[in-house]
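Here the structure is a predicted model, which means the values were calculated and not measured. The sequence lines fix the lettering, A, B, ..., with proteins before strands; numbering per chain opens at 1.
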Number of protein chains: 2
Amino acid sequence: MDDISSILKEKGLKVTPQRLAIINMLKNTKEHPSAETIYKTLSSDFPTMSLATVYKTLEMLKNIGLVQELNVGEGSFRYDANVNSHPHLICYGCNRVDDLDYSALDNLIGEVSKYTDYLLKDQKLYFYGYCPDCKKKMTN
Amino acid sequence: MDDISSILKEKGLKVTPQRLAIINMLKNTKEHPSAETIYKTLSSDFPTMSLATVYKTLEMLKNIGLVQELNVGEGSFRYDANVNSHPHLICYGCNRVDDLDYSALDNLIGEVSKYTDYLLKDQKLYFYGYCPDCKKKMTN
DNA sequence: TATTACATGATAAATTTTATTAATTAATAC
DNA sequence: GTATTAATTAATAAAATTTATCATGTAATA
């Protein structure tokens, strides 16, 4: 029994092939896919997968803290199985989303709390620009 | 001739009552309204206002840099006539969105650029939690 | 004031997400 | 291993948000 299966069972949730496929796909990519992308990717190996199942599974995984939802400013959400609070980089050129490895920003809440009466619980940091590939294309 | 009118004219855009109403509303609120909220608010004074006009005007204002679009993780976007890069606070309880007055974070791009090959142009920082009102309600 | 090009308003269409429900399947007990 | 049952899935409809279309209206200019 792997990690994910036992977590689902502990929460009283059934372990289904669809759920495992979705969480495994998210764990094995750095691409921060949308629900639609997850659906299309899994459809080839999983002809019976339904988009509604993808949405419901993502909602469930978000609720039990196995994935985080990113709002990078498109019309749709993207998902990340790395639930650590880490900043993201978004490319204006190709819309790709990368993780930023710079842990100094991972916990700004403590600092920010000094300047507001909000009781802060989470943060999302997005940096926009051009990825190395698109940067190269621009100068040509 | 006020500020906004001259900016629009410089860009070769027509100055219409609808456009002035939308930008003025945004300039006079701290509430970060959605397109729907802007539409409903202006409808009383402006019975002929169309939701499509609100969307098209917001798109235009965004393009010429007079408003910024926020994606705080709801199903819709919110708009801010303060185009300075400043962090936002979002309340889990009442979904209100506030500005954070803490300019130390206003320009993290320079710092972050040292740790990525992206050519960075903009940043969006969101802090989530409970506003003073909702915090108070929780402890009761 | 007339002309013209752009903007508006009404509506349709597209896109993303959520809700509904019958059929299926995982988990449990036997 | 099989039957039971309760949760999950799949297909679809519906809801919500945003964009596109196009005839009409209006701002800007002469």
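- The interatomic distance linking B:Tyr39 (OH) with D:dA16 (P) rounds to 16 Å, in whole Å.
- Candidate nucleotides D:dT18, D:dA10, C:dT17 were compared by shortest atom distance to the side chain of B:Tyr55, and D:dT18 ranks first.
- The CG atom of B:Leu42 sits 15 Å away from the C1' atom of C:dG9 (whole-angstrom rounding).
- The side chain of B:Pro17 sits closest to D:dA27 out of D:dT18, C:dT16, D:dA27.
- Between A:Ser76 and the phosphate of C:dT15, there is no side-chain N or O to OP1/OP2 separation shorter than 4.0 Å.
- Interface remark: the B:Lys14 side chain does form a donor-acceptor pair with the C:dA5 base, using a distance-only criterion of under 3.5 Å.
- Between the side chain of B:Gln68 and the backbone N or O of B:Asn82 there is at least one donor-acceptor pair closer than 3.5 Å.
- Contact annotation for B:Thr53: base contact, defined as any heavy-atom pair under 4.0 Å involving a base atom.
- For B:Lys56 and C:dT11, the NZ to P distance is 14 Å, given to the nearest whole Å.
- Distance CD (B:Glu59) to P (D:dT19): 6 Å, rounded to an integer number of Å.
- Listed candidates were D:dC22, D:dT9, C:dA27. Nearest to the side chain of A:Thr57 is D:dT9.
- Counting to the nearest Å, the P atom of C:dA7 and the NZ atom of B:Lys11 are 14 Å from each other.
- Rounding to whole angstrom units, CG of residue A:Leu58 and C1' of C:dT16 are separated by 13 Å.
- Of the candidates C:dT17, D:dA10, C:dA27, D:dA10 carries the atom nearest the A:Thr48 side chain, counting heavy atoms from C-beta on.
- Heavy atoms of B:Ser34 sit nowhere under 4.0 angstrom from any nucleic acid atom.
- Between B:Gln18 and D:dT26, a side-chain N or O to OP1/OP2 separation shorter than 4.0 Å is absent.
- A:Lys9 has its NZ atom 16 Å from the P atom of D:dA7, to the nearest Å.
- Dashed line: the shortest gap from a side-chain N or O of A:Arg19 to OP1 or OP2 of C:dA26 is not under 4.0 Å.
- Annotation for A:Gln18: atom CD counts as buried by contact number, over 12 foreign heavy atoms lying within 6.0 Å.
- When distances run from any side-chain atom of B:Met49 to the nucleotides D:dT9, C:dT16, C:dG9, the shortest one goes to C:dG9.
- For B:Leu13, the side-chain atoms get nearest to C:dA7 when compared with the rest of D:dT21, D:dA28, C:dA7.
- The aromatic rings of B:Tyr92 and B:Tyr128 sit parallel to each other, their planes meeting at less than 30°, with 60° as the upper class boundary.
- The aromatic rings of A:His32 and A:His88 lie perpendicular to each other, with more than 60° between the two planes, well past the 30° mark.
- A sub-4.0 Å separation between OP1 or OP2 of D:dA11 and a side-chain N or O of A:Ser50 is absent.
- A:Asp98 and B:Tyr118 share a donor-acceptor pair across their side chains, judged by distance under 3.5 Å alone.
- Looking at heavy-atom distances under 4.0 Å, A:Pro47 makes no contact with the nucleic acid at all.
- Side-chain contact check for B:Asp101 and B:His86: no donor-acceptor pair (N or O, by modelled atom type) lies under 3.5 Å.
- A:Glu74 places its CD atom 12 Å from the C1' atom of C:dT16, with the value rounded to the nearest Å.
- Nearest-nucleotide positions on DNA chain D for B:Thr16 and B:Leu51 put B:Leu51 closer to the 5' end.
- Nearest nucleotide to the B:Ala52 side chain, out of D:dA20, C:dA27, D:dT8: D:dA20.
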